[in-house]
Amino acid sequence: MSHEELWKVLETHQGELFYTVKGLPFHYTVKGGELFVDRREKSITRATIVKAYDRICEMPEEITGPKKLNAFGAPYIWAVFRELKLFPDQTDAG
């Protein structure tokens, strides 16, 4: 999936309910090149999300959880990617 397609998917699903690995519920909205999670004050930039996506695609067997993303907002990025089945091999993704 291209970065543009990834961002379109995220825009399509904004406002939906997601859960972190720890079971914390959250929603997000997309404004421009930023993703705003209702549980955080700071936004997660598009560049951060793209970088996390690229890491998962490059090393799917090594990226086994949010901490492995090594990115700001990783628990939320991981939860959204998991729920929307954005992993290269969804069976390996928690």
Side-chain angles (χ1 to χ4, degrees):
M1 170 182 307
S2 73
H3 295 157
E4 201 57 42
E5 291 169 323
L6 171 65
W7 199 251
K8 293 272 187 221
V9 169
L10 294 176
E11 288 177 328
T12 300
H13 292 279
Q14 65 183 317
E16 293 180 14
L17 181 62
F18 295 91
Y19 292 90
T20 65
V21 172
K22 292 183 178 182
L24 301 173
F26 70 95
H27 299 86
Y28 71 84
T29 56
V30 175
K31 295 178 187 171
E34 298 176 282
L35 190 141
F36 291 86
V37 175
D38 62 357
R39 297 187 67 90
R40 296 197 65 91
E41 289 188 25
K42 294 184 179 181
S43 66
I44 304 169
T45 65
R46 181 175 175 159
T48 299
I49 292 168
V50 164
K51 183 178 172 184
Y53 181 73
D54 288 346
R55 283 195 64 161
I56 290 170
C57 290
E58 291 167 8
M59 304 178 293
E61 61 284 334
E62 292 180 32
I63 309 298
T64 57
K67 288 183 181 180
K68 298 280 187 172
L69 286 176
N70 195 26
F72 176 80
Y76 305 105
I77 296 170
W78 183 266
V80 171
F81 284 6
R82 181 189 65 223
E83 190 66 28
L84 298 180
K85 301 183 184 342
L86 297 175
F87 293 99
D89 180 1
Q90 188 64 34
T91 59
D92 289 341

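As the structure is a prediction and not an experimental result, all values here were calculated from the model.
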Pairing residues for [X] by the side-chain contact (heavy atoms from CB on, under 4.5 Å) criterion, not counting sequence neighbours:
X	answer
K68	I63, T64
V21	P66, W78, R82
N70	R55

Atom [atom1] of [X] and atom [atom2] of [Y]: how far apart are they, to the nearest 0.5 Å?
X	Y	atom1	atom2	result
Y53	I77	OH	CD1	13.5 Å
L84	L6	CG	CG	9.5 Å
Y76	L69	OH	CG	14.0 Å
E11	K8	CD	NZ	5.5 Å
F26	R39	CZ	CZ	9.5 Å
M59	D54	CE	CG	10.0 Å

Completion exercise
Residues E34 and W7: closest non-hydrogen pair is N-CZ2, 3.9 Å
Considering residues at least two apart in sequence or located in another chain, which fulfil the side-chain hydrogen bond (donor to acceptor under 3.5 Å, both in side chains) criterion with [X]?
X	result
E5	S2
Q14	none
T45	T48

Group every Ile, Leu, Val, Met, Phe, Trp and Tyr by side-chain heavy-atom contacts under 4.5 Å, then state whether [X] and [Y] land in the same group.
X	Y	answer
V30	M1	yes
I49	F36	no
V50	I44	no

Handout entry: side chain to side chain donor-acceptor pair (under 3.5 Å) contacts in which one or both residues fall within residues 20-30, not counting sequence neighbours
Key = H27-D38
Handout entry: Sequence neighbours excluded - salt bridge (charged side-chain N to carboxylate O under 4.0 Å, His left out) pairs with any residue from residues 43-52
Key = E4-R46
Practice task
Please write out which residues are connected to Y19 in a hydrophobic cluster, directly or through intermediates, given that two of Ile, Leu, Val, Met, Phe, Trp, Tyr count as joined at side-chain heavy-atom separations below 4.5 angstrom.
Solution key: L17
